[in-house]
Number of protein chains: 2
Amino acid sequence: MILHTAARLATVEGLDGLTIGRLAAETGMSKSGLFAHFGSKEELQLATIDTAEEIYEEDVLRPALQEEGRARLEALCERFLSHVDRKVFPGGCFFASAAAELDTRPGPVRDRIVAVYGEWTGLLEDSVRTAQERGELDRSVDPAQLTFELNAMLAEANGVYLLTGDPRAFDMARRGIAERVERAAA
Amino acid sequence: MILHTAARLATVEGLDGLTIGRLAAETGMSKSGLFAHFGSKEELQLATIDTAEEIYEEDVLRPALQEEGRARLEALCERFLSHVDRKVFPGGCFFASAAAELDTRPGPVRDRIVAVYGEWTGLLEDSVRTAQERGELDRSVDPAQLTFELNAMLAEANGVYLLTGDPRAFDMARRGIAERVERAAA
DNA sequence: CCTACCGATCGGTAGG
DNA sequence: CCTACCGATCGGTAGG
């Protein structure tokens with residue numbers, strides 16, 4: 001419960017703005033009571049990232065991994081957009097938020113975010129490769145390149161929607177992704 | 001000089017992490033000496049955004065605006081990537097950094113960032129429209145859609161490069177943008 | 001799990 | 001432009 005609150009709070013206040021005092025107020029506990037669970041702010045941040053990853057796996061990955069190949073690639077994209085649209089975290093994609101905040105702050109927390117990013121893009125790339133093996137996408141397609149372009153549109157939809165509140169950002173991402181995947185199939 | 005230091009600091013520590021005490025240490029002035037220039041932290045933040053915009057206009061917009069139509073669109077993209085690559089700000093694109101930080105924090109500072117985002121995408125859209133009028137891009141292309149996709153790749157290159165340090169992010173953006181624009185020309 | 005506290009730093013002010 | 005200060009909040013600790 002503490003960590004779910006922390007994960008939600010971190011997408012609004014940032015992983016650094018997630019202070020122990022604020023989390024104490026939000027959960028109704030005392031600062032030191034909370035502190036005893038984690039030992040340091042950094043450990044709290046790392047535990048919060050673990051929790052955010054579990055939520056993401058349940059909400060985005062698990063449903064999409066029931067598909068395979070091109071369908072999996074498209075499901076991963078669609079589940080991501082849905083995840084942001086449904087405001088599972090009030091500040092949109094937890095990892096996009098954390099990546100932007102921590103990109104200039106070396107340390108174990110940043111390293112953890114980089115690792116999650118690598119797992120996500122690896123999953124997209126693997127889906128592209130499987131789709132190629134199944135003959136659903138052209139063999140001339142560079143999996144890293146296609147992943148970069150699809151992920152760019154996902155991240156942009158997240159960013160634009162948070163900044164402007166305009167849900168057409170999702171429509172533009174869906175259209176761009178559908179056309180890009182279709183082009184990779186031809 | 002104060003505001004140039006503030007703009008650089010803000011891309012590393014965030015616009016909120018840009019504290020008056022830290023800026024005082026960085027500039028060699030006293031806190032209250034600095035404070036007298038701005039009156040409040042919010043005014044300091046707004047003045048810092050103005051300065052970042054001036055730097056961006058000089059470094060990205062001015063060179064690209066010497067071109068017209070499709071060439072302008074491509075020059076805007078290329079100057080953006082070069083701007084990030086040359087580390088004009090240590091934390092990459094000032095506005096991408098600020099947008100991600102402020103997207104969940106209502107107020108005049110956030111409003112200012114939203115306005116700058118609108119000006120930038122408006123410039124890209126206008127370039128697309130002019131290119132269409134000149135017969136350089138197909139008339140069936142939706143300017144907002146193409147702008148969304150190009151801007152997505154620019155923002156992703158910025159984000160991935162900051163997170164991973166891998167300059168191939170620029171290559172992938174260049175390739176994706178070139179292919180996307182070429183497709184819009186056919 | 002709590003109260004009570006530590007030194008450091010925050011945004012901001014008084015007074016010069 | 002400065003020194004000296006304010007109350008609030010930070011991460012963290014002592015002691016229970």
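In what follows, chains are A, B, ... by sequence order, proteins preceding strands, each numbered from 1.
- Checked against the 6.0 Å centroid criterion, the rings of B/Tyr56 and B/Phe94 do not qualify as a close aromatic pair.
- Counting non-hydrogen atoms under 4.0 angstrom, A/Thr19 reaches the backbone sugars and phosphates but no base.
- Comment: B/Glu53 engages B/Arg112 in a salt bridge, judged by a side-chain N to carboxylate O separation of less than 4.0 angstrom.
- In a base pair of the Watson-Crick type (N1 to N3 plus N6-O4 or O6-N4) or a G-U wobble (N1-O2 and O6-N3), with each distance short of 3.5 Å, C/dG15 is matched with D/dC2.
- Pair assignment for C/dA8 gives D/dT9, based on Watson-Crick or G-U wobble hydrogen-bonding distances that are each under 3.5 Å.
- Residues A/Phe38 and A/Ile20 form no side-chain contact, since every pair of their non-hydrogen atoms from C-beta on lies 4.5 Å or further apart.
- A nucleotide of DNA chain D counts as in contact with chain A when one of its atoms lies under 4.0 Å from a heavy atom; the first and last such, 5' to 3', are D/dC10 to D/dT13.
- No side-chain heavy atom of A/Asp142 sits under 4.5 Å from any side-chain heavy atom of B/Met172.
- Between the side chains of B/Gln132 and B/Asp138, no donor-acceptor pair of N or O atoms lies under 3.5 Å.
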